[in-house]
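Just so it is clear: chains get the letters A, B, ... in the order the sequence lines come, proteins before strands, and each one is counted from 1.
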Protein chains: 2
Amino acid sequence: MASDSAAGEPSAPREPREGPTGRGALDRDRILRRGLTILDEQGMRALTMRKLGTDLGVDPMALYHHVPGREGLLDGITDLVLDDLRTTPGIEIPSTVGWSEYLHRLGHGMREIAQRHPRIFPLVATRPPEAPWLRPPMRSLWLVESFLSTLVSRGFTERSAIATYRVFSSFLLGHLLLEATARGAESAAPIEEPHPQSAGHVDAALYPTLASMRDGLQVDHSEQDFDDALGQIIGQVEALRAQGDR
Amino acid sequence: MASDSAAGEPSAPREPREGPTGRGALDRDRILRRGLTILDEQGMRALTMRKLGTDLGVDPMALYHHVPGREGLLDGITDLVLDDLRTTPGIEIPSTVGWSEYLHRLGHGMREIAQRHPRIFPLVATRPPEAPWLRPPMRSLWLVESFLSTLVSRGFTERSAIATYRVFSSFLLGHLLLEATARGAESAAPIEEPHPQSAGHVDAALYPTLASMRDGLQVDHSEQDFDDALGQIIGQVEALRAQGDR
DNA sequence: ACCTGAACACCGTTCAAGT
DNA sequence: ACCTGAACACCGTTCAAGT
């Protein structure tokens, strides 16, 4: 909910400025947030340095004074989105909860972000990571730091904390990415809709099983499925923790 | 191994043609395969309609007679890569193996694809799915059909087959995508290398836990980790199957 | 210090014209 | 039927010039 304040209609937030090009009108944060809402509303291809510039009432080339090109803009937006996790209760100050509650909140906090920004979430998995040497690699080292230090302070050995990071991160990414692309494709189609009528039709001759199971396959249990899977993973982690260093 | 025959050096397969622009020189498959190797070797941004055209010794605009634009080109390449699974033993003719062996082979077959094409694999998760109504959505319906029909023929109920599809697909995607971005970032950097010397350095003041665990975090256990996780998932599926319809 | 405007080197795609 | 070439409407980015 925190970041959405900047994602509303472009009506009110223009007020405090003296004009579209008033002094102080441009800074990195304002650029990033405007880019974020364009991405949310219109998708990847609509986010253009030139359009973003004119959108902010400024010569497009002025952006380069605050942001290191388009690539850097995307990285900045991705980090901005992930930053919302910082204010999630139980992650902000993890010392108040046990490790399994921490994992639970982290999982659901991350899921909320993926739901809020389905068009952007794939970037979290796809952007070049801040620490490429990390296996698996990750953007936002602060998140990994928080993750590991929380587990260690709860009695995990170094080894089991690392194993947990690996199990948990790939689980989370897989689940949320699939959910996000489902939602992204759904809310997509600003102009593009390749098969408007064939949508949802399955050729029963080619794919008999698929066709007969169609009803079951299209029901959306994602909330329930996610929670089940999260529980499974936490169970696995419990086993990891119990066997400690080996 | 099957598709690599076309992805190798451009020495032998050029023979039957009379010249770079000889008649019949251009067809959809040749375009897709050339695009695939460019993507593998030079990454996303290097794949340009214009460059692909001249690369094939043809006016770039000729491509549009065989491929519906760049977006369609990417979809075609993604499908081409996934098609390699069709020849994987145990998936080609699944009736010869049990369900757990099938899942095992499917998992490892998919992993091989992700390893072979780390720059392309993210597209599998990211391209608009062929069946958006499917939860989770998926490209290549044939794969889902094969998956479900195999399970059903091994005695899975409809319900447990669907549940298995959900558990398995998100597991597989998460693991392989993280591995692929690791490899992709590694083999990337054709020109771009933002932090050549800071690479691998962690600020111990900012991230003390990360810094102290560095050695353990950078070891690559991915083969072992994948196999372990695959085993876990197959165990979960066993439980799903046993409890049948509910 | 920050913004501007022209310029450069590209893109994807359409379409009339060729063969 | 297939390929070509010019054209259109865009891109990201650099850089000298303004204020």
inquiry  = Which residues pass the salt bridge (charged side-chain N to carboxylate O under 4.0 Å, His left out) test with R127(A), not counting sequence neighbours?
reply    = E71(A), D75(A)

task = Whole angstrom is fine here: how far is it from CG in D59(A) over to P in dA7(C)?
result = 14 Å

request  = For dA9(D) versus dA9(C), give the span between their P atoms, rounded off to a whole number of Å.
outcome  = 22 Å

Partner set under ring pair (Phe, Tyr, Trp, His ring centres under 6.0 Å) for H221(B), not counting sequence neighbours = none

ask   = Can you tell me how far C1' of dA9(D) sits from NZ of K51(A), to the nearest Å?
value = 13 Å

query = With sequence neighbours left out, what residues match D29(B) under salt bridge (charged side-chain N to carboxylate O under 4.0 Å, His left out)?
reply = R33(B)

task = Tell me, please, which residues at least two apart from T209(B) pass side-chain hydrogen bond (donor to acceptor under 3.5 Å, both in side chains).
result = E145(A)

side-chain hydrogen bond (donor to acceptor under 3.5 Å, both in side chains) partners for T78(B), two or more places apart = none

query = Within the pair H66(B) and dC3(D), is there a side-chain N or O less than 4.0 Å away from OP1 or OP2?
reply = yes

request  = Please name the pair of heavy atoms, one in F171(B) and one in A229(B), separated by the smallest distance, quoted to 0.1 Å.
outcome  = CE1-CB, 3.5 Å

ask   = Which residues pass the salt bridge (charged side-chain N to carboxylate O under 4.0 Å, His left out) test with R166(B), sequence neighbours left out?
value = none

key: Watson-Crick and G-U pairing of DNA chain C written in dot-bracket, each distance under 3.5 angstrom, with | for inter-strand partners   = ||.|||||...|||||.||

request  = Ignoring backbone atoms, establish whether T48(B) has a side-chain N or O less than 4.0 Å from OP1 or OP2 of dC10(C).
outcome  = no

message = In whole Å, I'd like the distance from the CG atom of L73(A) to the P atom of dC11(D).
response = 14 Å

key: By salt bridge (charged side-chain N to carboxylate O under 4.0 Å, His left out) - contacts of D83(B) (at least two apart)   = R86(B)

key: Rounded interatomic separation in angstrom, taking CG from L56(B) and P from dC2(D)   = 16 Å

request  = Round to the nearest Å and state the distance from R30(B) atom CZ to dC3(D) atom C1'.
outcome  = 14 Å

task = To the nearest 0.5 Å, tell me how far L82(A) CG sits from L143(A) CG.
result = 7.0 Å

Could you list all N or O pairs between the protein and nucleotides 13-19 of chain D that sit under 3.5 Å apart?
unit_1, atom_1, unit_2, atom_2, d
dT13(D), OP2, Y64(A), OH, 3.0
dT13(D), OP2, R70(A), N, 2.8

query = In whole Å, what is the span from the CZ atom of R28(A) to the C1' atom of dC2(C)?
reply = 17 Å

